[in-house]
Amino acid sequence: QVQPVESGGGLVQAGGSLRLSCAASGRTFVVYAVGWFRHTPGKEREFVASVSAGGGSTTDYADSVKGRFTISRDVAKNTVYLQMNSLRPEDTALYYCAAKLGSPTRTLEYKYWGQGTQVTVSS
């Protein structure tokens, strides 16, 4: 079992950058695929990015963030990062980190979820 914990959210102006972190307590994070999702009121939780287990050689991005966001993992630190550049007001959301065994996916079928970190982008 693993418990993801997100950090790094905050308030930033449009065009700015933030780096979210997802650290894991319990069993080592490296054996889990990790996904980032976001949720805004009135909308369904949506996929943002994912990274495969191990060295993280396989990544995937939603079209809305491709070219602006980068997901990566630091095995030594048991942490997955989401570097967010060129932020837009529409990126404002509660961002969640989630983990699962097996391959990463764009769906919500991740077993372990964090509590979320708020990202607010002002125009």
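Positions are given from 1, in the same order as the sequence printed here. Values in this document were obtained by computation on a predicted structure and should not be read as measured data.
- Rounding to the nearest 0.5 Å gives a distance of 4.5 Å between OH of Tyr61 and OG1 of Thr70.
- Side-chain contact between Arg38 and Asp91 is present, with at least one heavy-atom pair separated by less than 4.5 Å.
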Practice task
Output, in order, the C-alpha distance, side-chain angles, deciding distance and verdict of side chain to side chain contact (heavy atoms under 4.5 Å, CB included) for Met84 and Val12.
Solution key: CA-CA 11 Å; Met84 306 186 296; Val12 64; over 6 Å; no
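- In terms of hydrophobic clustering, with Ile, Leu, Val, Met, Phe, Trp and Tyr side chains grouped at heavy-atom distances under 4.5 Å, Val75 and Leu101 are assigned to a common cluster.
- In this structure the side chain of Glu6 never reaches within 4.5 angstrom of the side chain of Leu20, judged on heavy atoms.
- Nearest heavy atom pair, residue Ser21 against residue Thr79, reads CB-CG2, 4.1 Å.
- Under the 4.5 Å side-chain heavy-atom criterion for ILVMFWY residues, no single connected hydrophobic cluster contains both Phe47 and Val65.
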Practice task
Show your working on side chain to side chain contact (heavy atoms under 4.5 Å, CB included) between Cys97 and Val34 and close with a plain yes or no.
Solution key: CA-CA 7 Å; Cys97 171; Val34 174; 3.7 Å; yes
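- The closest side-chain heavy-atom distance from Thr117 to Ser7 is not below 4.5 Å.
- In the displayed structure, Glu46 atom CD is contacted under 6.0 Å by more than 12 heavy atoms of other residues, nucleotides or ligands.
- If you take CZ on Arg73 and OG on Ser52, they are separated by 7.0 Å, rounding to the nearest 0.5 Å.
- Val119 and Val48 fall within the same hydrophobic cluster, defined by Ile, Leu, Val, Met, Phe, Trp and Tyr side-chain heavy atoms under 4.5 Å apart, directly or through other members.
- One distance of note links CG of Asp60 with CZ of Arg106; it measures 4.0 Å at 0.5 Å rounding.
- Linking ILVMFWY residues whenever their side-chain heavy atoms come closer than 4.5 Å, directly or via other members, places Leu82 and Val30 in the same cluster.
- Taking every heavy atom of both residues into account, Val2 and Ala24 meet most closely at CG2-CB, 3.3 Å.
- Looking at heavy atoms from C-beta onward, Tyr110 lies out of side-chain contact with Pro4 at the 4.5 angstrom threshold.
- Taken to the nearest 0.5 Å, the OG atom of Ser64 stands 8.0 Å off from the CZ atom of Arg88.
- Under the 30°/60° scheme for interplanar angles, the aromatic rings of Phe29 and Tyr32 are found to be tilted.
- Ring geometry, Phe37 versus Trp113: the interplanar angle falls from 30° to 60°, so the pair is classed tilted.
- Ion pairing between a basic and an acidic side chain is recognised when a charged N comes within 4.0 Å of a carboxylate O; Lys66 and Asp63 show such pairing.
- The shortest non-hydrogen separation linking Gln83 to Ser17 is NE2-CB, 3.9 Å.
- Leu87 places none of its side-chain heavy atoms less than 4.5 Å from the side chain of Gln13.
- Using modelled atom types, one side-chain atom of Thr92 and one backbone atom of Val121 make a donor-acceptor pair closer than 3.5 Å.
- Inter-residue side-chain proximity for Thr28 and Asn78 is flagged as met; some heavy-atom pair is nearer than 4.5 Å.
- Taking the six-membered ring for Trp and thresholds of 30 and 60 degrees, Tyr95 and Phe69 have ring planes inclined between 30 and 60 degrees apart.
- Considering only heavy atoms from C-beta on, Trp36 stays 4.5 Å or farther from Val51 through its side chain.
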